[in-house]
Structure formats: C-alpha cells, structure tokens
Amino acid sequence: MAAVKEVNQKARLVGINHVALEVGSIEEALSFYGQLFELSLRGRSAQIAFIDLGDQFINLSESHTQGRDEERHFGLVVDDKEKVRRRLKQAGVETLPGRGVEFRDPWGNRVQIVEYANIQFTKHKAVLEGMGCTDLHKSPAAIEELSLVTQ
C-alpha cells in the first residue's frame, strides 16, 4: 500500500501586515509620533490614520476602550535608536527603565524601539530601496543569529 502524503493543515505565518493602536485623537497621535519619527501616511479619515512602515503599516484608531497594560507592547524597528532616545528627551517623554529604548505614548501604549542592525529579520532589497534605506546593514551578532535560523 502506497503511503499517502500528509498535507499540512495549518497556514504558515509569514509576517505582520499591520498593528492597530487605539489613541484618543488622530491629530494628537500624528503630532506625537511625528515629533519622534519621519512619518508617511498611507491614508486617513476622521477617525483612522495609516502610517507606512515599509511593507507594513500602523493603523491608528481614534477610540480608547482598553485600559493600560504594564507588559503589552509592540516593537518598532528604526535605523538609529539613539535618534529616538534624543527626540523623546526633547519632547519631554519619559523613557522606561532598562537598557533599551521604551516609552509610553499619551494613551498608554507601550512602545519598544529596536535597531534594524540588531534584529533577526531582513528586508528584501527592493523594500529597502523603496524606503530609502539601502544604507542599512546587519551587525555581526544579527548575521550570526540569522545564519542559525536558516540551518
């Protein structure tokens, strides 16, 4: 009797399309995040704004139904986390304790900043070109970790 090839019944995760954040005001959120980062809007309406992150985006939604959570957070990848640290200080935004760069936005969303050079994923060359980020490179430690993943 011939063996029947089992078909994987589960979908593979291949990335994140977007993260949705609740904010109290779209205008205030765009102003707050705009003083920290270069922003490019994908689109917006009265109660929603979409901020491009290369091949992903953040969906800012004007509502605030969830309470603050001490550990729930999301991480943003940047080219230089020290630039963010300086902008946070200039804006009077308190960073959270620890060795990294973390803060809360005015609505209690916890944001962790990580540098592209040190994360364990790469962006396709075409995506980096489209973002104007062809100068970004990986650290030796990240390259080592990436090589372990592909083995």
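Throughout, numbering of the chain's residues begins at 1 and tracks the sequence. No hydrogens, no waters, no symmetry mates; every other heavy atom, side chains included, goes into these values.
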Heavy-atom donor-acceptor pair, Glu115 side chain to Lys81 backbone, under 3.5 Å: yes

CD1/Ile143: more than 12 non-hydrogen atoms of other groups inside 6.0 Å: yes

Between CD on residue Glu62 and CD1 on residue Ile48, distance to nearest 0.5 Å: 10.0 Å

Euclidean distance, Gln112 CD relative to His73 NE2, rounded to 0.5 Å: 4.0 Å

Residues forming a side-chain contact (heavy atoms from CB on, under 4.5 Å) with Lys83, sequence neighbours excluded: Asp79, Asp80, Arg86

Same cluster (ILVMFWY, side-chain, under 4.5 Å), Leu41 and Leu39: yes

Gap separating the CD atom of Glu22 from the CG atom of Asp105, nearest 0.5 angstrom: 11.0 Å

Value rounded to 0.5 Å, distance of CG in Leu88 from CD1 in Ile113: 7.0 Å

Interatomic distance, His18 atom NE2 to Phe57 atom CZ [nearest 0.5 angstrom]: 5.0 Å

Heavy atoms from other residues, nucleotides or ligands near CD of Gln90 exceed 12 (cutoff 6.0 Å): yes

Hydrophobic cluster membership, Phe74 vs Leu36, 4.5 Å side-chain cutoff: yes

Side-chain touch Glu28/Trp107, heavy atoms, less than 4.5 angstrom: yes

May I have the list of side-chain donor-acceptor pairs in residues 131-139 shorter than 3.5 Å, sequence neighbours left out?
{"from": "His137", "atom 1": "NE2", "to": "Asp135", "atom 2": "O", "distance (Å)": "3.2"}
{"from": "Lys138", "atom 1": "NZ", "to": "Tyr116", "atom 2": "O", "distance (Å)": "2.6"}
{"from": "Lys138", "atom 1": "NZ", "to": "Ile119", "atom 2": "O", "distance (Å)": "3.2"}
{"from": "Lys138", "atom 1": "NZ", "to": "Phe121", "atom 2": "O", "distance (Å)": "2.6"}
{"from": "Ser139", "atom 1": "OG", "to": "Ala117", "atom 2": "O", "distance (Å)": "3.2"}
{"from": "Ser139", "atom 1": "OG", "to": "Asn118", "atom 2": "OD1", "distance (Å)": "3.1"}
{"from": "Ser139", "atom 1": "OG", "to": "Ala142", "atom 2": "N", "distance (Å)": "3.2"}

Validation row: Glu102, Arg110 side chains within 4.5 angstrom (heavy atoms): yes

Interatomic spacing from CG in Asn59 to CG in Leu21 - rounded to 0.5 Å: 8.0 Å

Exercise: identify the closest heavy-atom pair between Gln35 and Ala91: OE1-CB, 3.5 Å

Heavy-atom side-chain contact between Leu60 and Ile58 under 4.5 Å: yes

Side chain to side chain, Ile26 and Arg44, heavy atoms closer than 4.5 Å: yes

Note, Leu30 side chain near Ile51 side chain (heavy atom, < 4.5 Å): yes

Shared hydrophobic cluster for Leu128 and Leu76 (ILVMFWY, side-chain gaps under 4.5 Å): no

Geometric class of the Phe103/Tyr33 ring pair [parallel <30°, tilted 30-60°, perpendicular >60°]: tilted

Shared hydrophobic cluster, Phe50 / Phe32 (ILVMFWY, side-chain heavy atoms < 4.5 Å): no

Over all atoms of both residues, closest heavy-atom pair of Asp55 and Lys123: OD1-NZ, 2.6 Å

Joint hydrophobic cluster, Val19 plus Val111, side-chain heavy atoms closer than 4.5 Å: yes

